[in-house]
Amino acid sequence: MKLILSLTGAALIAALIAPGAAMAAGDKAKICAKAEKRYQKLFGKPSSKEDVVIVKMYKYTFCPMEVTVKPGTVVRWVNVDFATSHSTWFKEAGKEESERLFPEEKTEMKFDLPPGEYPYLCGPHWQSDNMIGKVIVAP
Ligand SMILES: [Cu+2]
């Protein structure tokens, strides 16, 4: 009994000192690996084989979180989650939030924009789960 208690104590301390706000990069990488598997299962090919740039939405994460594209590139966001809806919202650029995308739904945006960084959010999850992403337009 004493052993069990001290183990619980150790786990508690580990939980307390673990960074709470930001998810570890390793966890994000695992989530994105699963998101890609899920994409392939749903759409029958790797997301890299599409003729547009794909960003998957999965487990409160944009995968990849950051993409660099040339001007005029089309980026397509695809929800590969099981039940959660997500959105894209280029709030800083003064754009309106996209429709809520349910699993297997998608939205696209053509980046006919000057070179620069375009951060965006998921409307329902940016505050609670830090679900954010960035498109960098580079010449
Ligand atoms: Cu979301």
Side-chain angles (χ1 to χ4, degrees):
M1 190 59 187
K2 200 173 180 189
L3 178 66
I4 292 167
L5 276 176
S6 63
L7 278 175
T8 309
L12 245 175
I13 290 163
L16 285 172
I17 58 175
M23 203 185 288
D27 291 342
K28 290 273 183 198
K30 271 183 208 158
I31 287 172
C32 286
K34 281 187 188 159
E36 177 58 27
K37 272 194 189 150
R38 186 88 189 116
Y39 187 93
Q40 292 181 19
K41 195 174 177 193
L42 290 171
F43 301 102
K45 58 172 150 177
S47 64
S48 59
K49 298 286 182 199
E50 302 289 359
D51 52 9
V52 295
V53 172
I54 304 289
V55 176
K56 288 140 285 180
M57 308 156 112
Y58 188 65
K59 306 276 181 201
Y60 310 113
T61 306
F62 290 111
C63 296
M65 217 172 150
E66 192 177 298
V67 289
T68 300
V69 303
K70 288 185 178 142
T73 303
V74 173
V75 178
R76 179 188 298 158
W77 285 265
V78 185
N79 185 346
V80 296
D81 231 320
F82 292 96
T84 314
S85 66
H86 300 286
S87 72
T88 58
W89 185 13
F90 287 81
K91 190 170 181 266
E92 234 181 80
K95 305 232 182 214
E96 283 194 19
E97 187 183 354
S98 75
E99 300 275 299
R100 294 286 160 90
L101 302 175
F102 288 87
E104 298 181 46
E105 291 185 334
K106 51 197 98 172
T107 187
E108 288 186 356
M109 189 167 149
K110 188 173 188 183
F111 283 82
D112 269 335
L113 295 167
E117 298 199 351
Y118 298 91
Y120 63 93
L121 316 163
C122 171
H125 305 121
W126 67 282
Q127 284 168 311
S128 55
D129 301 282
N130 198 35
M131 186 170 177
I132 56 170
K134 190 190 277 181
V135 176
I136 298 169
V137 177

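If you read the sequence from its start, that first residue is 1, and numbering goes on from there.
Side-chain atoms of K56 and R38, non-hydrogen and from C-beta on, never get closer than 4.5 Å to each other. Within the 4.5 Å cutoff, no side-chain heavy atoms of P119 are placed close to those of I132. Between C32 and P64 there is no side-chain heavy-atom pair separated by less than 4.5 Å. Looking only at side-chain heavy atoms (C-beta outward), V78 and R76 come within less than 4.5 Å of each other.
Cluster membership for V67 and L101, using ILVMFWY side-chain heavy atoms within less than 4.5 angstrom, is shared. Hydrophobic clustering of Ile, Leu, Val, Met, Phe, Trp and Tyr side chains at less than 4.5 Å, counting indirect connections, unites V55 with Y60. Hydrophobic clustering (side-chain heavy atoms under 4.5 Å, transitive across Ile, Leu, Val, Met, Phe, Trp, Tyr) keeps F102 apart from F43. Note on V74 and I136: separate hydrophobic clusters, where clusters join Ile, Leu, Val, Met, Phe, Trp and Tyr whose side-chain heavy atoms are under 4.5 Å apart, directly or indirectly. By the criterion of side-chain heavy atoms lying less than 4.5 angstrom apart, applied directly or through intervening Ile, Leu, Val, Met, Phe, Trp or Tyr residues, V135 is not grouped with L121; the two fall into different hydrophobic clusters.
Atom CD1 of I54 and atom OH of Y39 lie 3.5 Å apart (nearest 0.5 Å). Here the CD atom belonging to Q40 is positioned 7.0 Å from the OG atom belonging to S47, to the nearest 0.5 angstrom. Put simply, CZ on R100 and OG on S85 are 6.0 Å apart, with the number rounded to the nearest 0.5 Å.
At distances below 3.5 Å, at least one donor-acceptor pair connects side-chain atoms of N79 with backbone N or O atoms of D81. Using modelled atom types, no side-chain atom of S87 and backbone atom of E97 make a donor-acceptor pair closer than 3.5 Å. At least one donor-acceptor pair under 3.5 Å links the side chain of S98 to the backbone N or O of T88.
Ring pair F90/Y120 is tilted by interplanar angle, where 30° to 60° counts as tilted.
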message: Working note: H86 + T84, criterion side-chain contact (heavy atoms from CB on, under 4.5 Å); need CA distance, chi angles, decisive distance, verdict.
response: CA-CA 7 Å; H86 300 286; T84 314; 3.8 Å; yes
Verify side-chain contact (heavy atoms from CB on, under 4.5 Å) between M57 and F62, making sure each step is shown before the conclusion. CA-CA 5 Å; M57 308 156 112; F62 290 111; 3.7 Å; yes
request  = Step by step, work out the side-chain contact (heavy atoms from CB on, under 4.5 Å) result for K59 and K34.
outcome  = CA-CA 10 Å; K59 306 276 181 201; K34 281 187 188 159; over 6 Å; no
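Summarising the geometry of P71 relative to L113, their closest heavy-atom pair is CB-O, 4.3 Å, with the distance given to 0.1 Å.
By the neighbour-count criterion of 12 heavy atoms within 6.0 Å, atom CD of E99 is sparsely surrounded, having that number or fewer from other residues, nucleotides or ligands.
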